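Quantities reported herein were computed from a predicted structural model and do not represent experimental measurements. We use all heavy atoms of the structure for the numbers below, so side chains are in, but hydrogens, waters and symmetry mates are not. Letters go in sequence order (proteins before strands), and every chain restarts at 1.
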Amino acid sequence: MAKQLDYHTIREIFRRFQAAEPEPKGELEHVNAYTLLVAVALSAQATDAGVNKATRALFKVADTPEKMLALGEEGLTEHIKTIGLFRQKAKNVIRLSRILVEQYDGEVPSSRAALQALPGVGRKTANVVLNMWFEQPAQAVDTHIFRVGNRTGIAPGKDVAAVERAIEDHIPAEFQRHAHHWLILHGRYICTARKPRCGDCIIRDLCPYEEKTL
DNA sequence: ATCCCGAGGG
DNA sequence: CCCTCTGGAT
């Protein structure tokens with residue numbers, strides 16, 4: 001866990017991220033709030049690419065909670081068999097869809113409490129939906145952000161909650177909105193878990209991480 | 001702390 | 001082979 005970087009260094013880092021990618025976007029495919037929620041729930045411990053491959057066909061059949069219930073747990077399971085943890089996820093998505101229909105008129109609720117009360121939806125998933133769909137200043141900390149935050153010192157912390165706080169406390173307000181995707185994309189393509197591509201990193205000179213292989 | 005759990009990469 | 005992937009519930 002690196003030491004917390006100072007304000008000026010962090011500002012410079014995000015200026016570079018912004019210059020390289022002015023409008024960073026997530027890579028999870030979705031067509032509405034419901035499909036975003038489902039896609040994020042399915043993405044736990046799975047790659048976006050793998051989730052997209054399954055949801056491309058799934059969302060043609062079921063892009064609303066009503067249609068998902070019509071498809072049923074068996075049908076849903078067939079669509080997401082290629083995704084890890086598929087049995088639990090299928091069960092959760094069906095139960096969650098039932099709650100949306102029965103309690104929210106088929107809509108996706110916009111409060112963190114309501115989102116997190118849904119089965120299979122924890123703080124991280126709720127934060128992604130709040131940030132991406134409802135445009136609220138919520139910082140979801142996933143495996144990439146946890147790793148990048150700690151390696152670089154942008155947002156170090158011993159657990160997810162500490163990293164989330166560090167992001168809110170140390171990333172300048174002007175960069176908060178897109179910080180989530182900048183950090184994720186950086187973690188996915190450059191600051192990878194096993195063999196980081198420090199040679200291609202645009203913030204290498206500002207990073208304390210020592211394993212500068214390749 | 002442990003379980004869930006398939007695909008892809010190295 | 002082993003590790004990692006936008007975690008959540010128990």
Proximal nucleotide (of B/dG8, C/dG7, C/dC5) relative to the A/Lys53 side chain: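 Nucleotide nearest to A/Lys53's side chain: B/dG8.
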Of the listed nucleotides C/dC5, B/dG10, C/dG8, the one nearest the side chain of A/Thr143: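 Within the option list, the nearest is C/dC5.
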Option among A/Asn32, A/Val38, A/Val40 that satisfies the side-chain contact (heavy atoms from CB on, under 4.5 Å) test with A/Leu36: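 Between A/Leu36 and the candidates, side-chain contact (heavy atoms from CB on, under 4.5 Å) is satisfied uniquely by A/Val40.
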Passing option when A/Phe86 is tested against A/Leu42, A/Leu76, A/Thr77 for side-chain contact (heavy atoms from CB on, under 4.5 Å):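 Among A/Leu42, A/Leu76, A/Thr77, the one meeting side-chain contact (heavy atoms from CB on, under 4.5 Å) with A/Phe86 is A/Thr77.
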Greater than 12 external heavy atoms within 6.0 Å of A/Arg177's CZ: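 Atom CZ in A/Arg177 is not packed in, count stays at 12 or less.
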Parallel, tilted or perpendicular: rings of A/Trp182 and A/Phe175 (30°, 60°):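 A/Phe175 and A/Trp182: perpendicular rings.
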Remember a base hit wins even if backbone is also touched, and classify [X] as base, sugar-phosphate or nothing at under 4.0 Å, heavy atoms.
| X | value |
| --- | --- |
| A/Val121 | sugar-phosphate |
| A/Gly187 | nothing |
| A/Thr125 | sugar-phosphate |
| A/Ala140 | nothing |

A/Pro119 vs A/Val40, nearer the 5' end of DNA chain C by closest nucleotide: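 In this pair, the answer is A/Val40.
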Can you measure [X] atom [atom1] to [N] atom [atom2] for me and round it to whole angstrom units?
| X | N | atom1 | atom2 | result |
| --- | --- | --- | --- | --- |
| A/Gln116 | C/dG7 | CD | C1' | 12 Å |
| A/Arg197 | B/dG9 | CZ | P | 12 Å |
| A/Lys195 | B/dG10 | NZ | P | 7 Å |
| A/Glu78 | B/dG6 | CD | P | 13 Å |
| A/Leu96 | C/dA9 | CG | C1' | 15 Å |
| A/Lys124 | C/dA9 | NZ | C1' | 16 Å |

Pair A/Gln176-A/Gln139, side chain to side chain donor-acceptor pair (under 3.5 Å): steps then yes or no: CA-CA 8 Å; A/Gln176 286 273 339; A/Gln139 292 295 344; 3.3 Å; yes
Contacting residues from residues 144-162 of chain A, given that a heavy atom lies under 4.0 angstrom of DNA chain C: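 The answer is A/His144, A/Arg147.
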Any A/Gln45 side-chain N or O less than 4.0 Å from OP1/OP2 of C/dG7: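 So the side-chain polar atoms of A/Gln45 do come within 4.0 Å of the phosphate oxygens OP1 or OP2 of C/dG7, strictly under.
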Nearest-0.5 Å distance that lies between atom SG in A/Cys191 and atom CD1 in A/Ile184: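 One finds 13.0 Å between SG of A/Cys191 and CD1 of A/Ile184.
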DNA chain B contacts among residues 80-94 of chain A, heavy-atom distance under 4.0 Å: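 Those residues are A/Lys81, A/Thr82, A/Ile83, A/Gly84, A/Leu85, A/Phe86, A/Arg87, A/Gln88.
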